[in-house]
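The structure under discussion appears below in the form of structure tokens.
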Amino acid sequence: MIHDGLKEKYNVLIAYERKFRLKHYNDGNYQQQYFYLNEQGASICSSSTFCRMEKNELLVEENLYAFAATKFGKKVAYLPRIDQLLQDTIQRIYTCMERLEETTAANVIQSVLPKLESCKDVLYYEEYVWQFEMMRDYFSSSKTMDELQFQRICHTFQIYPSNYQDILMRFAYLYSNIQEMSKKEMILQLYDFKKSKFLCNQICCVQIECLQKDHYQALLRCQSLEEPLLKTKNYGQLLTLYIHMFYLLAYMDKKASIHYIETALGLAVEHDYYKNRLFMLYINVGSTYLLLKEYEKSIENLKKCCELTDNMKMRNYLCICHCYRMLHMELPQEYKTCPAEFGDAIDQSVYAYFQSVDDRKGEQNKRFILHKVVKKLQKSDDLYFRILKDELHLLAIKTNRFKDYVNFVDEYGL
């Protein structure tokens, strides 16, 4: 028998699935007034009933949920043994994530998936199957969720246990990091990271506070997290925290920033926790050295990242090109030929400047930056704003015309 808690989950999932299929397949049969018609064309309930059900204002009889599920080729069932398996698995994943033991987490999920085979066509339980597969792929190969998965999680995450909500929103946040700012804003409206006790999301707060320009609060949070991580020897998360700290301190204290860079690199060598994320350490170290104007060290670490992965390849290449220009060195041709698929639209617009920078004169490069690049940036693209500021400064020196540079600094508060 289906209990009320499961019915509430069905209300949310049925409403989302119907609307998704209506939009995605452009099939009028998924319009609300037609969806609840039986084979004889008669409505199985009143319009008030299914409207309130989809708004999660009304729980209905089990047969109505079963009818809706069949429209999706699914069925309804209460599976207490699977519930217990899910509860235990979620807790194990939660614990692994708090210690950044990603290989263990991937193995936990892989061992559980065969036991969920029977759930692939059962409403609600089937959600865990694709979500666990998505998590396993991230833990094993750094593959993030796709846009459809992101939207589904954001619109339905409230139906899950609170500790699983924490996990899901962590993955949604990871996806938002490589998307436009509107994705992150969407998540922050749905979920309060600052109230979460999940360590991964507490560390996320550091980045969120930096985006909100609350650098002092971000630094306080880092300091409050550092000691307990040291005490519990949670070196994986400590390394993640240090990445946030050295990047944050690059705006405040160069000496302290370099100290945490060196500490993080030493920690990565000493412990194996961060093996699957080593490329992220190098890209953050390289980016921070760029901000600190330590361009040789920036190039060294960004090249190490490129040797490990193609992730964020275009971003790395354009940063390397910028460093060479700041060192007044010729740009190596190999870093001017990155295929478009290795960057998003913003990466491509900034990279286009470096690809042809030597083909334009000083004033032409200024116009290229101001009219073809900077207007495409979002407020979260702080590194790119600072790269373009330094490029404009370099061009201002060469042309002995500083007006565009001064206006840029004033307009963007750099």
Closest heavy-atom contact between Cys323 and Tyr295?
SG-CD2, 3.7 Å
Exceeds 12 heavy-atom contacts within 6.0 angstrom, atom CD of Gln32:
yes
Mind checking what makes side-chain hydrogen bond (donor to acceptor under 3.5 Å, both in side chains) contact with Arg18, not counting sequence neighbours?
Glu54
In short, Arg221 meets Ser224 closest at the heavy-atom pair O-OG, 2.7 Å
Whether Tyr351 side chain and Thr337 backbone form a donor-acceptor pair below 3.5 Å:
yes
Any salt bridge linking Arg92 with Asp88? Criterion: basic side-chain nitrogen under 4.0 Å from a carboxylate oxygen.
no
Is it possible for you to check whether Lys389 lies under 6.0 Å from the centre of the six-membered ring of Phe408, through NZ or CZ, and within 45° of that ring's axis?
no
Gln237 side chain near Tyr242 side chain, heavy-atom distance below 4.5 Å:
no
Does the side chain of Ile90 come within less than 4.5 Å of Tyr128's, by heavy atoms?
yes
Where at least one partner belongs to residues 331-355, residue pairs that pass salt bridge (charged side-chain N to carboxylate O under 4.0 Å, His left out), sequence neighbours excluded
Lys336-Asp358
Here the pair of heavy atoms bringing Leu59 nearest to Tyr65 is CA-OH, 3.6 Å
On a heavy-atom basis, which atom in Ala340 and which in Gln348 lie closest, and how many Å separate them?
O-NE2, 3.0 Å
Where is the tightest heavy-atom contact between Ala218 and Glu209, given as atom of each residue plus distance?
CA-OE1, 3.3 Å
Mutual orientation of the aromatic rings belonging to Tyr247 and Tyr251 [parallel < 30°, tilted 30-60°, perpendicular > 60°]:
perpendicular
Please verify the inter-ring angle class for Phe385 with Tyr412; under 30° counts as parallel, over 60° as perpendicular, anything in between as tilted.
tilted
Scan Phe354, Tyr324, Tyr335 and name whichever one has a ring-ring contact (aromatic ring centres under 6.0 Å, His included) with Tyr317.
Tyr335
Tell me if a side-chain donor or acceptor on Thr240 pairs with a main-chain N or O of Gly236 at a distance below 3.5 Å.
yes
Report the C-alpha distance between Glu102 and Cys96 in whole Å, list the side-chain angles of each, state the deciding distance to 0.1 Å, and finish with yes or no for side-chain contact (heavy atoms from CB on, under 4.5 Å).
CA-CA 7 Å; Glu102 296 184 333; Cys96 288; over 6 Å; no
Do Tyr191 and Asp166 come within less than 4.5 Å of each other through their side chains, counting heavy atoms only?
yes
May I ask you to check whether Phe193 and Phe198 place their ring centers less than 6.0 Å from one another?
no
With a 3.5 Å distance limit and no angle check, can you tell me whether Lys9 reaches the backbone of Ile159 through a side-chain donor-acceptor pair?
yes
Test item: Gln149 side-chain N/O and Asp146 main-chain N/O as donor-acceptor pair under 3.5 Å:
yes
Ignoring hydrogens and geometry, is there a side-chain-to-backbone donor-acceptor pair from Arg99 to Lys233 under 3.5 Å?
yes
Using 30° and 60° as the class limits, which term best fits the ring planes of Phe150 and Tyr175: parallel, tilted or perpendicular?
tilted
Can you check whether Tyr353 reaches Arg360 side chain to side chain, under 4.5 Å on heavy atoms?
yes
Would Tyr289 and Tyr282 count as a ring pair (Phe, Tyr, Trp, His ring centres under 6.0 Å) here? Give the steps.
CA-CA 10 Å; Tyr289 272 132; Tyr282 286 134; over 10 Å; no
Please report the closest heavy-atom contact between Ala352 and Ser356, naming both atoms and the distance.
O-OG, 3.2 Å
Determine whether the aromatic ring centres of residues Tyr124 and Tyr10 are separated by less than 6.0 angstrom.
no
Give a yes or no on whether the backbone of Phe246 and the side-chain of Ser257 come within a donor-acceptor separation of less than 3.5 Å.
yes
Ring centres under 6.0 angstrom apart (Phe72, Phe35)
yes
Can you check side chain to side chain donor-acceptor pair (under 3.5 Å) on Ser287 and Arg315, steps first, answer last?
CA-CA 10 Å; Ser287 300; Arg315 179 189 187 279; 2.9 Å; yes
